[in-house]
Structure formats: structure tokens, C-alpha cells
Amino acid sequence: AAEERVSLTEHAQEETTKEGCTRADVFFALEHAEEAVVQDAKRHKWKVYGPALNRTELAVVTLIIENQELRVITVHLPP
């Protein structure tokens, strides 16, 4: 499953909770992304915007690592 290739750093887990979200919200936002912006092309770092399960907009900062794995670095509500 796709969720097996996505991991959240400890910081991302903390920020997800702080924003009142769950891992399911993060996965939903990634699966239903509305925009993805390159933040660092060399490191394959992106900021992805998508809805949480309750349709609140989330910003998910991700880093693509080897073997098509995706590491979520942080999560926040957009300004």
C-alpha cells in the first residue's frame, strides 16, 4: 500500500497533533493534493497543499527519499 512508503518524522508527528490533525489527514492531503511546490530541487523537497479529511487545507512539507519513499518533514495550516 502507498501508506507503507510514507513516513512522518517525529517533528511532523508533533506538528500534526499540534494542528489538531491525524496521520489519516496527512495521507488524505497527500492523496488529494491540489498543488505541489518545489522547495529544494536538489534534495527533492516539496510543499504539498491538500485537504484534510474535514476539508481544512493543510500544507505538508515532504522530502522524497530513495526507493520512491516519501518522508513527511512537517505539517501546518497555510497562512
Side-chain angles (χ1 to χ4, degrees):
E3 289 184 8
E4 294 171 2
R5 296 192 311 260
V6 178
S7 64
L8 277 71
T9 63
E10 186 175 329
H11 175 76
Q13 292 174 35
E14 291 168 358
E15 291 299 307
T16 297
T17 301
K18 183 176 146 186
E19 295 292 0
C21 299
T22 65
R23 290 175 63 91
D25 289 311
V26 173
F27 291 124
F28 191 83
L30 290 170
E31 289 173 350
H32 298 88
E34 297 163 352
E35 183 180 5
V37 179
V38 176
Q39 289 199 307
D40 183 340
K42 289 182 182 178
R43 292 181 54 213
H44 305 286
K45 184 177 172 185
W46 294 75
K47 182 177 279 194
V48 178
Y49 296 91
L53 288 167
N54 67 1
R55 302 297 186 213
T56 299
E57 187 73 12
L58 284 181
V60 179
V61 178
T62 64
L63 178 66
I64 299 171
I65 57 177
E66 295 179 10
N67 300 321
Q68 300 298 309
E69 292 181 13
L70 191 71
R71 178 168 291 148
V72 176
I73 300 169
T74 194
V75 175
H76 63 87
L77 299 177

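Starting from 1, each residue takes its place in the sequence as its number.
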Checklist entry - Which residue pairs pass the side-chain hydrogen bond (donor to acceptor under 3.5 Å, both in side chains) test when at least one of the two sits in residues 34-43, sequence neighbours left out? => result none
Item to check | For A12 against V75, the heavy-atom pair lying closest together | outcome: O-CG2, 4.5 Å
Item to check | All pairs passing ring-ring contact (aromatic ring centres under 6.0 Å, His included) where residues 32-72 contributes a residue, at least two apart | outcome: F28-H32
Checklist outcome for this item: Sequence neighbours excluded, the answer for side chain to side chain donor-acceptor pair (under 3.5 Å) partners of T17 is none
Show me the side-chain donor-acceptor pairs of residues 54-63 shorter than 3.5 Å, one per line, residues at least two apart or across chains.
from : atom 1 : to  : atom 2 : distance (Å)
N54  : OD1    : T56 : N      : 2.8
N54  : OD1    : T56 : OG1    : 2.8
N54  : ND2    : T56 : OG1    : 3.3
E57  : OE2    : G50 : N      : 3.4

Item to check | side-chain contact (heavy atoms from CB on, under 4.5 Å) assessment of V6 paired with V72 | outcome: CA-CA 7 Å; V6 178; V72 176; 4.0 Å; yes
Next on the checklist: Measuring from atom CD1 of I73 to atom CG of L8, what distance do you get when rounded to the nearest 0.5 angstrom?
Outcome noted: 10.5 Å
Item to check | Residue pairs involving residues 70-79 (criterion side-chain hydrogen bond (donor to acceptor under 3.5 Å, both in side chains); sequence neighbours excluded) | outcome: H11-T74, K47-H76
Checklist entry - Looking at residues at least two apart in the chain, or sitting in another chain, which of them share a salt bridge (Lys or Arg N to Asp or Glu O under 4.0 Å) with E15? => result K18
Next on the checklist: Please report the interatomic distance CD1(I65) to OG(S7), rounded to the nearest 0.5 Å.
Outcome noted: 5.5 Å
Item to check | pair L30-V48: side-chain heavy atoms closer than 4.5 Å | outcome: yes
